[in-house]
2 protein chains.
Amino acid sequence: MQNDRSRESLLFLTDEQLRQGIEGMFFAYRGFTADPDRILEKYNYGRAHHRALHFINRVPGTNVNNLLCILGVTKQSLNRVLRTLIENELVSLKIGTKDRRERHLYLTDSGKSLEKQLSNAQSHRMREAYRQAGPDAVAGFKQVLEAMMDPKLQVTYKKLRVS
Amino acid sequence: MQNDRSRESLLFLTDEQLRQGIEGMFFAYRGFTADPDRILEKYNYGRAHHRALHFINRVPGTNVNNLLCILGVTKQSLNRVLRTLIENELVSLKIGTKDRRERHLYLTDSGKSLEKQLSNAQSHRMREAYRQAGPDAVAGFKQVLEAMMDPKLQVTYKKLRVS
DNA sequence: TTGGAATGTCAACAAGACTGACGTAAAATA
DNA sequence: TATTTTACGTCAGTCTTGTTGACATTCCAA
């Protein structure tokens, strides 16, 4: 098994390479959330609110259960966040016509406005990073991210892409 | 400014591309932490403990202040985590000889053992993702991650690399 | 030598995750 | 039709991990 291919592969996947990836993810995630966090603070919201706003905007009319699957939290946890967003009229709730047990979630105009503000901040940093790294790097970036997800989340991620 | 280069660039950085990057980071980070989390649960530790173990292993003999800068939390928050790690003899503490205010941190043998267990789990997933995506993708992945960090963290990240 | 800066500790609190139990309404099914 | 299942909400309690504020110790420089 000591042919060129396996040696190259061993050389490539050194502990140092893996460690850099791990630390890279850790530090980059901090940058990734830093800008939205600053905005959220002004409104007394947290990251949990941001995530809910993001995916309600992404999948308008989604029901609670679907959102639960995407976010990967318990309904109690989501409910707390959702309640304040509805109270503050950033999210509106419509009872399902076909299945009246379901609550369909939508962003109100002020909800859309805050979501836009947050996603603009986050996109701005992402755009800068993409620009610095270049198109090929971005393609690789996405490939590795996708391969790092749990299989179920990979499916969820792809579904969001096509829907 | 409507030359080929700028048009290509506009085409490349669509909102959809940026959104995919944002959601990719969100879902991938979940995968990134999933395996260590499962191990930590067995020992009644959390992610904060993992992070401390990782960087004490990475920079043996570091003082609390330096660790604070790397982790980006308050000293009170780190202290709680550090206290339990010291109580459970995963981390040992040595008062500085030159400056007796400083506490230098080291992993004990059991600390090294747990850290190894955690980093093995995390590296395993990272290795698989790297293998699936290929060397070029990995290079791009790292470039984008680095460009996404806050400038200060970028410096910290690079320092860890060379030290 | 004394006062400020740096380092670290203790106490209290808040956000946001979790589990478990329970209630209600609606849909599905036996 | 009666029963079970599903979707959603809520209350209570706990845990982790972040925060501030107050305080102790140590070093250094005016």
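Naming: A, B, ... by sequence-line order, numbering from 1 per chain.
B/Glu89 pairs by the salt bridge (charged side-chain N to carboxylate O under 4.0 Å, His left out) definition with nothing, not counting sequence neighbours. Here B/Asn66 pairs with B/Val59, B/Thr62, B/Asn63, B/Ile70 under the side-chain contact (heavy atoms from CB on, under 4.5 Å) rule; sequence neighbours left out. For A/Arg19, the salt bridge (charged side-chain N to carboxylate O under 4.0 Å, His left out) criterion is met by A/Glu16, A/Glu23, not counting sequence neighbours. For the salt bridge (charged side-chain N to carboxylate O under 4.0 Å, His left out) test, no residue two or more places apart in sequence or in another chain qualifies with B/Glu102.
Taking atom CG of residue A/Asn44 and atom C1' of nucleotide C/dA14, one finds them 11 Å apart after rounding to whole Å. Protein atom CG of B/Leu68 is 14 Å distant from nucleotide atom P of C/dA6, rounded to whole Å.
Taken residue by residue, residues 25-43 of chain A places no heavy atom nearer than 4.0 Å to DNA chain D.
Sequence neighbours left out, the pairs with a member in residues 30-39 of chain B that pass side-chain hydrogen bond (donor to acceptor under 3.5 Å, both in side chains) are B/Thr33-B/Arg47, B/Asp35-B/Arg38, B/Asp35-B/Arg125, B/Asp37-B/Arg47. Residue pairs meeting the ring pair (Phe, Tyr, Trp, His ring centres under 6.0 Å) criterion with at least one partner in residues 58-90 of chain A, sequence neighbours excluded, do not occur; the list is empty. The ring pair (Phe, Tyr, Trp, His ring centres under 6.0 Å) analysis of residues 52-88 of chain A, with sequence neighbours excluded, yields the pairs A/Phe55-B/Phe26, A/Phe55-B/Phe27. Evaluation of the ring pair (Phe, Tyr, Trp, His ring centres under 6.0 Å) test over residues 92-128 of chain A, restricted to residues two or more places apart or in two chains, returns none.
A/Asp150 and A/Lys152 are not joined by a salt bridge, as no carboxylate oxygen comes within less than 4.0 angstrom of a charged side-chain nitrogen.
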Pairs under 3.5 Å (N/O, protein and nucleotides 26-30 of chain C):
unit_1: C/dA26; atom_1: OP1; unit_2: A/Arg100; atom_2: NE; d: 3.4
unit_1: C/dA26; atom_1: OP1; unit_2: A/Arg100; atom_2: NH2; d: 2.7
unit_1: C/dA27; atom_1: OP1; unit_2: A/Lys98; atom_2: O; d: 3.2
unit_1: C/dA27; atom_1: OP1; unit_2: A/Arg100; atom_2: N; d: 3.0

Just the atom pairs and distances: protein N or O near nucleotides 16-23 of chain C's N or O, under 3.5 Å.
unit_1: C/dG16; atom_1: OP1; unit_2: A/Gly46; atom_2: N; d: 3.4
unit_1: C/dA17; atom_1: OP1; unit_2: A/Arg51; atom_2: NH2; d: 2.5
unit_1: C/dA17; atom_1: OP2; unit_2: A/Ser77; atom_2: OG; d: 3.4
unit_1: C/dA17; atom_1: O5'; unit_2: A/Ser77; atom_2: OG; d: 3.1
unit_1: C/dA17; atom_1: N7; unit_2: A/Arg80; atom_2: NH2; d: 2.8
unit_1: C/dC18; atom_1: OP2; unit_2: A/Thr74; atom_2: N; d: 2.7
unit_1: C/dC18; atom_1: OP2; unit_2: A/Thr74; atom_2: OG1; d: 2.9
unit_1: C/dG20; atom_1: O6; unit_2: A/Gln76; atom_2: NE2; d: 2.9

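In this structure the side chain of A/Glu146 reaches within 4.5 angstrom of the side chain of A/Lys158, judged on heavy atoms. The shortest distance between side-chain heavy atoms of A/Met25 and A/Leu145 falls below 4.5 Å.
Using a 4.0 Å cutoff to heavy atoms of chain A, the contacted part of DNA chain D runs 5' to 3' from D/dT6 to D/dC11.
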TODO: Just do the salt bridge (Lys or Arg N to Asp or Glu O under 4.0 Å) check on A/Glu128 and A/Arg131 with the steps written out, would you?
DONE: CA-CA 5 Å; A/Glu128 265 310 292; A/Arg131 197 189 54 71; 2.9 Å; yes
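A side-chain donor from one of A/Tyr45 and A/Asn88 sits under 3.5 Å from a side-chain acceptor of the other.
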